[in-house]
Structure formats: structure tokens, C-alpha cells
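Quick note on labels: first sequence line is chain A, next is B, and so on, each numbered from 1.
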Number of protein chains: 2
Amino acid sequence: MDSAVSALPLDRETKASERPGDHKDELRLWLRLLTCSTLIETEIRNRLREEFRTTLPRFDLMAQLEKTVVGMTVGEVSQRLMVSNGNVTAVVTGLVADGLVDKRSAPQDRRVQILTLTPQGRKAFKAMAERHEEWIAELFAGLAQPDVAQLFRLLGDTKTSLHRAIADRVKDAASEALKGDA
Amino acid sequence: MDSAVSALPLDRETKASERPGDHKDELRLWLRLLTCSTLIETEIRNRLREEFRTTLPRFDLMAQLEKTVVGMTVGEVSQRLMVSNGNVTAVVTGLVADGLVDKRSAPQDRRVQILTLTPQGRKAFKAMAERHEEWIAELFAGLAQPDVAQLFRLLGDTKTSLHRAIADRVKDAASEALKGDA
DNA sequence: CGTAAATATTTTAAGTCTGAAATATTTTTT
DNA sequence: AAAAAATATTTCAGACTTAAAATATTTACG
């Protein structure tokens with residue numbers, strides 16, 4: 001039991017006892033991460049609008065559909081993009097109206113809607129994706145390749161930490177809800 | 001493993017930096033950065049709603065105002081949060097209606113609106129900020145302290161790279177626009 | 001001085017986004 | 001098989017967001 005706890009070097013208890021109440025470093029890290037993310041998003045949004053008269057949500061949705069041959073359900077897209085189902089429905093409506101996406105209910109389960117890029121959508125996405133990749137490279141051009149690799153690795157660790165913290169909290173809420181049941 | 005790789009043409013097996021036209025590493029880095037950012041935002045949004053019945057944009061705006069004694073103009077807040085002026089106006093309208101923010105035009109320049117937290121707003125923010133800091137620390141708890149520091153540093157380099165790439169493009173657009181003038 | 005340019009903010013129209021309720025369909029239970 | 005539970009999506013109301021146009025005010029300049 002003891003060993004299991006000490007195997008987690010930075011859990012809530014340990015950290016608090018080392019620097020009680022101070023989490024400024026993590027806060028500053030988060031703000032900097034957010035700044036980078038916002039700068040990139042805004043820039044890509046601007047370029048998509050100027051060069052292709054489209055929006056980031058549309059581009060992102062098409063990017064998901066481009067990854068598959070058989071199509072993707074609304075729920076799957078929603079999960080991958082980490083947005084609500086209702087949002088996917090709304091964006092898809094626009095893309096279908098513009099002939100870029102096809103939507104049809106699955107024959108074996110009529111609850112499910114299967115989304116695919118139309119040939120026109122596939123072609124349009126291809127052109128955008130090529131430029132998009134160039135833009136991203138430009139934006140990160142000031143970083144040396146080893147820094148890119150290391151940043152990628154550290155953000156991988158961050159992702160793991162986030163998923164774990166979020167899962168833990170969900171578990172806590174569930175056991176909390178069960179308290180009075182038995 | 002080796003055979004599969006060496007079956008590819010030579011330029012395919014070399015590093016990305018040596019492959020002209022390939023920017024997949026940067027693209028994957030951006031997607032991972034976005035994932036982290038979205039995971040944190042969504043989680044904070046959920047907790048703010050559940051624990052304080054408020055939203056992230058409101059929290060962010062109040063966080064800016066909390067940093068100053070003399071107040072901040074709409075434009076200043078807009079710049080710091082990297083959102084449009086109109087957006088600040090909209091969010092402020094709600095906060096003023098709830099008595100959390102005070103808005104008054106500057107006596108020496110009546111174009112300018114000066115925003116401050118009301119005493120009630122200051123108190124409400126203080127409570128939220130304390131919890132917020134804990135949440136962020138929890139989310140990053142899986143990272144060792146040196147990793148936090150290094151990630152912070154690398155994101156600083158990233159920020160520099162982004163600002164430079166964005167400034168360069170603005171400059172290009174400006175000189176493009178001037179081409180036929182002289 | 002008086003007008004033009006610059007600056008700060010608000011308004012507008014349209015799109016994005018959310019959580020929750022409603023709907024439609026399939027699966028499980030009785 | 002009928003009822004209940006589970007699943008997938010859409011609808012809804014409301015908040016956020018943007019870019020661009022409109023408004024209000026100040027500053028620059030002729």
C-alpha cells in the first residue's frame with residue numbers, strides 16, 4: 001500500500017505537503033499553453049477564411065471524414081473532435097447543403113447516420129489540407145527539430161496526466177452518487 | 001521492421017527535417033497541443049458550471065480585471081484575452097447585469113469604457129480562482145516538476161515562433177497591398 | 001476654427017457551441 | 001411479445017464568437 005502511494009511522485013498529497021497551496025507553475029503553464037493554442041487557431045481561422053472562404057469547424061470536420069473510406073457516424077466525429085453531438089449536426093447541415101458531405105442512415109441500424117465526404121468534398125479538402133500543413137510548418141518554423149520532438153513527447157505525458165485526472169474525478173463523482181444507495 | 005522501412009525509397013526513411021515538403025511532425029504536434037488545450041478547457045468549463053454556476057468566458061474576463069486596481073478598458077481586455085471587442089462587450093453586459101463588474105466611461109476620454117470588478121465580483125472571483133488553481137494543479141499532477149519547467153520553456157519558444165510567423169505574414173500582406181501605390 | 005483621420009466601442013448578422021430535453025430506434029428484460 | 005432500458009441523433013434555448021459596419025469621440029492638420 002505504502003509502495004503504491006510512493007510510486008506516484010506527484011499526487012495531490014505529496015505535492016501539497018511539499019509546497020502547500022502553491023500551484024502557480026502549473027497555472028502559468030496552462031496559460032502559456034492556451035496562448036499558443038489560441039494564436040494558432042486564430043491564424044488558421046484567418047487563413048482558411050481568406051484563402052478558402054471557409055471556417056475552422058468545417059475544416060476540422062472534413063479532416064475527420066477524410067481519414068476513413070467507409071464513413072463515420074455523428075457520434076464518432078463528435079468524440080474525435082471533442083465537441084457535442086448537436087454541434088456536429090449543425091456543422092454537417094451546412095456541409096451537406098454545400099455538397100461537400102453526404103449523410104445517410106445506416107441500413108442495419110437506422111438510428112445511426114453515416115457521414116462521408118462527397119467527391120467534391122474530398123477534392124476541396126485535399127487542396128485545403130495541403131496549404132494547412134504548410135501553414136502549421138511555418139508557424140512552428142522557429143523551433144528546432146529536436147524541440148519539436150521533445151515538445152511532442154511532453155505533451156504526450158500531459159495528455160496522459162489529463163486523461164487520468166479527468167477519469168479519477170468522474171470515478172469520484174460516481175462513488176459519491178452511490179453513497180446513500182446500499 | 002527493418003525490411004518494411006528499407007523497402008521504401010530512400011528519401012522516405014530520412015528525418016522529416018531532411019524531407020522537403022513534409023511537415024507531418026509539426027502537424028502532429030499541433031494536433032496534440034490542441035487536444036491538451038481542449039481537454040483542459042472542457043474540464044474547467046464543466047467544473048465552473050457545476051461548482052459555481054458560471055462560464056469560462058466570464059471567469060477569464062474577471063481574471064483579467066482582478067489583475068488591476070485602476071480597471072481596464074474594453075480594448076485592453078480584448079487584446080489580453082485575444083477575443084474580439086464585440087465579444088468583450090457581450091460578456092461584460094452579462095457581468096454588469098449580475099453586479100460583478102462595473103463599467104463607466106473614462107472622464108478624460110469618453111470613447112473609452114473602464115471596467116472594474118465590483119466588491120461582490122472581487123469576492124466571487126477570489127473563491128473561484130482558488131479552486132481553479134487547484135483544478136489546474138490536479139490536471140497536471142502526472143507531470144514531474146522538471147517536466148513542467150521544460151514544457152513551459154518550450155512553449156515559450158513556441159510562442160516566439162508563432163508571433164514571428166504571424167508578424168511576418170502581416171508584413172507580407174502590407175507590402176503586397178502597397179505594390180501598385182508608389 | 002473646422003474638417004479629416006484616427007481611435008474606442010457597440011451593433012449586427014451569421015455561425016459555433018453547449019447541455020438538456022425530445023425523438024427515433026434497437027436491445028434487453030420480464 | 002410487451003415493456004423497459006439503452007443508444008444515437010436532433011432539436012431547443014441560450015451563451016459565445018467573429019468580422020464588418022455603424023456610432024461616438026478625440027486628435028491632427030490645413
Inset, instruction - Quick one: label A/Gly86 by what it contacts on the DNA or RNA (base, sugar-phosphate, nothing), any heavy atom closer than 4.0 Å. - result: base

Legend entry - Transitive ILVMFWY side-chain link B/Phe59 to B/Leu139, under 4.5 Å: yes

Inset, instruction - Please state how far atom CG in A/Leu56 lies from atom P in D/dC16, giving the value in whole angstrom units. - result: 20 Å

Inset, instruction - For C/dT9, take OP1 and OP2 only and decide whether either is under 4.0 Å from a side-chain N or O of B/Ser78. - result: no

Inset, instruction - Let me know the distance between CZ of A/Arg45 and P of C/dT16, rounded to the nearest Å. - result: 9 Å

Inset, instruction - Could you check whether A/Thr73 gets within reach of a base, just the sugar-phosphate, or nothing at all, counting any heavy atom under 4.0 Å? - result: sugar-phosphate

Legend entry - Minimum-distance nucleotide (side-chain atoms of B/Ala90 versus C/dT25, C/dT18, D/dT17): D/dT17

Legend entry - Sole residue of A/Glu50, A/Glu51, A/Glu43 in salt bridge (Lys or Arg N to Asp or Glu O under 4.0 Å) with A/Arg47: A/Glu43

Inset, instruction - Would you mind reading off the distance between A/Met72 atom CE and D/dT9 atom C1', rounded to a whole angstrom? - result: 17 Å

Inset, instruction - Please state how far atom CD in B/Gln79 lies from atom P in C/dT7, giving the value in whole angstrom units. - result: 13 Å

Legend entry - Residue closer to the 5' end of DNA chain D, B/Arg110 versus B/Ser84 (nearest nucleotide): B/Ser84

Inset, instruction - Figure out the CE/P separation between B/Met82 and D/dC16, and round it to whole Å. - result: 19 Å

Legend entry - Residue closer to the 5' end of DNA chain D, B/Arg58 versus A/Asn85 (nearest nucleotide): A/Asn85

Legend entry - Nearest-nucleotide pick for B/Val91, side chain only, options being C/dT16, D/dT17, D/dT25: D/dT17

Inset, instruction - Check whether any side-chain N or O of A/Arg49 sits under 4.0 Å from OP1 or OP2 of D/dA19, and answer yes or no. - result: yes

Inset, instruction - Answer with yes or no whether B/Arg111 presents, from its side chain, a donor or acceptor under 3.5 Å of a partner atom in the base of C/dT9. - result: no

Legend entry - Donor + acceptor pair across side chains of A/Asn85, A/Ser78 (<3.5 Å): yes

Legend entry - Distance, rounded to the nearest Å, where A/Leu48 contributes CG and C/dG15 contributes P: 16 Å

Legend entry - Of the listed nucleotides D/dC16, C/dT9, C/dT18, the one nearest the side chain of B/Gln113: C/dT9

Inset, instruction - Pick base, sugar-phosphate or nothing for A/Asp60, based on heavy-atom distances below 4.0 Å to the nucleic acid. - result: nothing

Inset, instruction - Respond yes when some side-chain nitrogen or oxygen of B/Asn46 is under 4.0 Å from OP1 or OP2 of C/dG19, and no when none is. - result: yes

Legend entry - Single-linkage hydrophobic cluster B/Ile114~B/Leu65, side-chain heavy atoms < 4.5 angstrom: no

Inset, instruction - Starting at atom CD1 of A/Ile44, determine the distance to atom P of D/dT17, rounded to an integer number of angstrom. - result: 20 Å

Inset, instruction - Establish, with yes or no, whether the OP1 or OP2 oxygen of D/dA8 is under 4.0 angstrom from a side-chain nitrogen or oxygen of A/Lys103. - result: no

Inset, instruction - Could you state the atom-to-atom distance from CD of B/Gln108 to P of C/dT7 in whole Å? - result: 17 Å

Inset, instruction - Would you mind classifying the nucleic acid contact of B/Val88 as base, sugar-phosphate or nothing, using non-hydrogen atoms under 4.0 angstrom? - result: nothing

Inset, instruction - Please answer: with hydrophobic residues joined when any side-chain heavy atoms are less than 4.5 Å apart, are A/Val112 and A/Leu61 in the same cluster? - result: no

Inset, instruction - Side chain of A/Thr89 only, please: which of C/dT16, D/dT10, C/dT9 is the nearest? - result: D/dT10

Inset, instruction - Determine the contact category for B/Asp109: base if any of its heavy atoms lies under 4.0 Å from a base atom, sugar-phosphate if only primed atoms, P, OP1 or OP2 are that close, otherwise nothing. - result: sugar-phosphate

Inset, instruction - For B/Asn87, answer base if it contacts any base atom (sugar-phosphate contacts may also be present), sugar-phosphate if it contacts only those atoms, and nothing otherwise; contact means non-hydrogen atoms under 4.0 Å. - result: base

Legend entry - Heavy-atom pair of closest approach, residues A/Ile44 and A/Trp135: CD1-CB, 3.9 Å

